[in-house]
Amino acid sequence: MIEWINSIVQGVLTGGLYALFAAGLAIIFGVMRLVNIAHGDLIVLAAFVAMVVIETAGVDPFVSMIAVLPFMFFFGYVLQRGVLNYTLGDDLLPPLLVTFGISIVIQNLLLEIFSADSQRLNAGAIETASIKLAEGIEIGTLPLIVFVVAVALIAALQIGFSRTRLGRAFRATSDDPSTARLMGIRQRHVFGLAMGVSMVLVAIAGIFIGIRTNFDPALGPSRLLFAFEAVIIGGLGSMWGTLAGGVILGVAQNIGAKIDPGWQILAGHIAFLVILVLRPNGLFPRTRDE
Amino acid sequence: MSSRVIRSTRASRIGMAVGAALILVLLTVPWWGDRASMRLLVEIFYILALAQLWNLLAGYGGLVSVGQQAFVGLGGYLLFILVIFLDIGAIWTVPMAGAIGALISLPIAFIVFRLRGHYFAIGTWVVAEVFLLGFAQVKGLGGGSGMSLPIAAIKSIAASRADRDATIYWLALALAVAVIVGIYLLLRSRYGLALTAIRDSEEASRSLGVDNFRAKLLVYILAAFGTSAIGALIYITKIRITPSAAFDINWTVTIIFIVVIGGIGSIEGPIVGTLVFFLLREPLAPYGTWYLILLGLTAVVVMLKAPKGLWGLFSQRFDIALFPVQRRLVRAADDKPG
């Protein structure tokens with residue numbers, strides 16, 4: 001019994017990381033109806049950027065965020081204004097196929113530069129530290145930090161969306177792009193900023209992946225799928241829903257792994273498909289994708 | 001002034017004649033071609049057929065699936081299951097795999113059609129991953145390490161190696177031709193008109209009374225049928241199957257690049273794309289990853305600058321259609337079809 005509770009607890013913590021993946025995807029879909037197939041590969045890219053920063057500057061992974069976060073923000077802004085803005089319109093094909101192409105380019109560039117070897121970001125003693133909750137339930141300090149950061153970031157985003165000027169611009173553009181433009185919102189710039197914010201989340205997620213587990217250039221697609229599943233399970237348009245989606249996915253995977261190690265990822269996918277059949281709009285839908 | 005609708009053009013009639021002649025020449029290859037070029041041609045045929053089917057899905061049906069490898073792999077595994085457990089001749093598994101794949105696509109459509117537009121793409125990918133991970137769990141099919149086709153099953157295709165190669169070659173050619181002719185006839189039919197309308201505008205086609213859902217479902221099932229049948233053929237040529245190779249996303253990556261670069265939303269586009277893909281692959285294959293990077297960048301640039309691909313640029317410039325699926329209105333007075 002205690003083992004099952006342990007699986008669920010660990011699953012909840014993993015879910016925090018998935019929610020981080022998903023939040024970045026949810027923002028850009030919310031603001032500009034863009035589904036970024038390269039999302040997972042950008043997470044891996046951020047992890048590699050952090051690796052380079054850590055190796056050249058000789059700093060801790062957490063300290064490397066000072067450089068990696070602004071870099072990824074800038075990267076996202078330029079990517080959106082330089083390329084992705086030109087794909088947006090009534091036609092669904094261009095954004096999908098362009099981000100798909102970018103995904104393959106990033107994957108293979110990383111493979112060419114860093115080889116297929118597994119990498120890891122070394123954060124020192126914190127990696128193995130843990131807290132004992134009860135007999136048989138120990139939670140790692142690091143997974144806990146990741147979870148708390150994810151919750152804090154999602155809360156910050158939720159407040160940012162409802163209270164700040166930029167948040168208002170995001171919501172206005174999301175609800176009615178043409179009226180928002182009439183009100184003086186520079187749409188292309190706002191889209192660039194939204195992608196920038198998404199990439200900051202991607203950077204944090206990438207660094208956490210790097211510390212928690214191994215990563216390699218081929219890891220991107222599976223992370224995209226987890227992010228996507230968390231968004232759909234949670235329901236479009238709700239940040240807290242995205243967190244719930246991440247947690248449900250994490251718990252499903254951990255319970256699957258408990259039954260049979262080969263079932264870990266499969267159990268997550270099946271949970272997603274079941275929820276899709278039962279609740280096509282997700283568990284906590286706010287907006288409709290029309 | 002009277003006017004009338006024409007379907008074929010001089011270019012298309014010449015194109016048909018050249019195409020028919022080309023097929024006749026290709027039919028004779030087993031008598032004079034060497035083994036290596038026949039193998040390459042078989043690969044070209046099945047990749048072309050896969051690309052055509054994906055183009056039907058995405059270019060006409062608006063269903064951008066990133067999960068067609070689910071059906072390639074399913075077809076492959078059906079070959080092994082039918083041959084080993086039901087003792088069916090390898091060649092006969094090709095149509096059977098198609099039929100079973102189409103049947104299995106129904107419940108899948110029931111799930112993934114709940115996802116609108118963008119999210120449909122990733123949903124199909126999840127389904128393909130479920131197939132990959134699921135088949136890897138089945139011990140009877142070799143689990144994650146896969147299985148090989150028994151020698152007896154290979155021998156049952158034809159006694160000698162040359163005869164086997166020829167049989168597989170003709171089968172691949174027949175499949176590619178059948179897929180292209182089938183899509184051409186479909187697009188010229190009433191359904192084709194509906195699909196073209198959906199391609200151009202979903203709202204407009206709905207307002208004109210097209211049942212978008214039914215048309216899309218039909219396309220999805222047809223693509224599943226063709227892709228599964230081709231999957232069985234591919235694994236007749238490969239002899240060995242593993243879940244990670246059979247359900248590899250790279251099947252879909254390749255065909256998407258081919259269709260996008262060649263020209264999405266036309267029958268000629270995937271043909272041009274397949275030719276470009278194989279022409280570039282032969283010299284660039286040693287550079288592996290760089291070739292994929294180049295293809296990815298080209299696809300991005302094409303999508304941004306020339307969304308109708310290479311064929312789109314060409315046909316716009318010269319107003320030529322080899323597979324005319326549209327209807328042209330000409331005035332009777334100056335009846336000069338291009």
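Just so it is clear, the structure is predicted and the values come from calculations on it, not from any experiment. Sequence lines set the chain letters: A, B, ... in the order given, protein chains first and strands last, and positions in each chain run from 1.
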- Sort out for me which of B:Trp290, B:Phe110, B:Phe257 touches chain A most, counting heavy-atom pairs under 4.5 Å.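 Among the listed options, the one with the most contacts to chain A is B:Trp290.
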- Item | Greatest number of heavy atom pairs closer than 4.5 Å to chain A - which of B:Val260, B:Val300, B:Val127, B:Val301 |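 Option with the top pair count is B:Val300.
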- Take A:Leu93 and B:Met303 through the side chain to side chain contact (heavy atoms under 4.5 Å, CB included) test and state the conclusion after the steps. CA-CA 9 Å; A:Leu93 280 170; B:Met303 211 64 230; 4.3 Å; yes
- Side chain, backbone, both or neither: which part of B:Ala121 has a heavy atom under 4.5 Å from chain A?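 Only the side chain of B:Ala121 comes within 4.5 Å of chain A.
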- Task: Using non-hydrogen atoms and a 4.5 Å limit, figure out which bit of B:Leu132 sits close to chain A: side chain, backbone, both or neither.
- Result: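 No part of B:Leu132 comes within 4.5 Å of chain A.
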- Task: Over all heavy atoms of both residues, which pair between A:Val105 and B:Ile293 is shortest? Give the atoms and the distance, please.
- Result: CG2-O, 3.7 Å
- Query: If you take all heavy atoms of A:His269 and B:Val126, which pair is closest and at what distance?
  - Reply: ND1-CG1, 3.8 Å
- Item | A:Trp263 and B:Leu133: CA distance, side-chain angles, deciding distance, side chain to side chain contact (heavy atoms under 4.5 Å, CB included) verdict | CA-CA 8 Å; A:Trp263 275 80; B:Leu133 297 165; over 6 Å; no
- Query: Hey, mind stepping through A:Leu96 and B:Val66 against side chain to side chain contact (heavy atoms under 4.5 Å, CB included) and telling me if it holds?
  - Reply: CA-CA 10 Å; A:Leu96 271 175; B:Val66 196; 5.8 Å; no
- A:Val231 versus chain B, the contacting section by heavy-atom distance below 4.5 Å: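 A:Val231 touches chain B through side-chain heavy atoms alone.
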- Message: Tell me whether B:Arg206 at atom CZ has more than 12 heavy atoms from other residues, nucleotides or ligands lying less than 6.0 Å away.
- Response: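 Count over threshold, so yes.
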- Message: Are there over 12 heavy-atom neighbours, none belonging to A:Arg186, within less than 6.0 Å of that residue's CZ?
- Response: no
- Neighbours of chain B found in residues 216-224 of chain A - heavy atoms under 4.5 Å: A:Pro221, A:Leu224
- Just checking heavy atoms, which of residues 106-113 of chain A are less than 4.5 Å from chain B?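 If one takes a 4.5 Å heavy-atom cut-off, the residues of residues 106-113 of chain A near chain B are A:Asn108, A:Leu109, A:Leu111, A:Glu112.
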- Item | When A:Leu34, A:Ile265, A:Leu225 are compared by non-hydrogen pairs under 4.5 Å with chain B, the top option |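 Heavy-atom pairs under 4.5 Å are most numerous for A:Leu225.
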- Message: Looking at chain B, which one of A:Tyr86, A:Phe100, A:Phe272, A:Phe228 has the largest number of heavy-atom pairs inside 4.5 Å, strictly under?
- Response: A:Phe228
- Note on the structure: Rounding to 0.5 Å, atoms CG (A:Leu278) and CZ (B:Arg114) come to a distance of 8.0 Å
- Query: What's the verdict on side chain to side chain contact (heavy atoms under 4.5 Å, CB included) for A:Val35 and B:Ile122, showing C-alpha distance, side-chain angles and the deciding distance?
  - Reply: CA-CA 9 Å; A:Val35 171; B:Ile122 314 181; 3.4 Å; yes
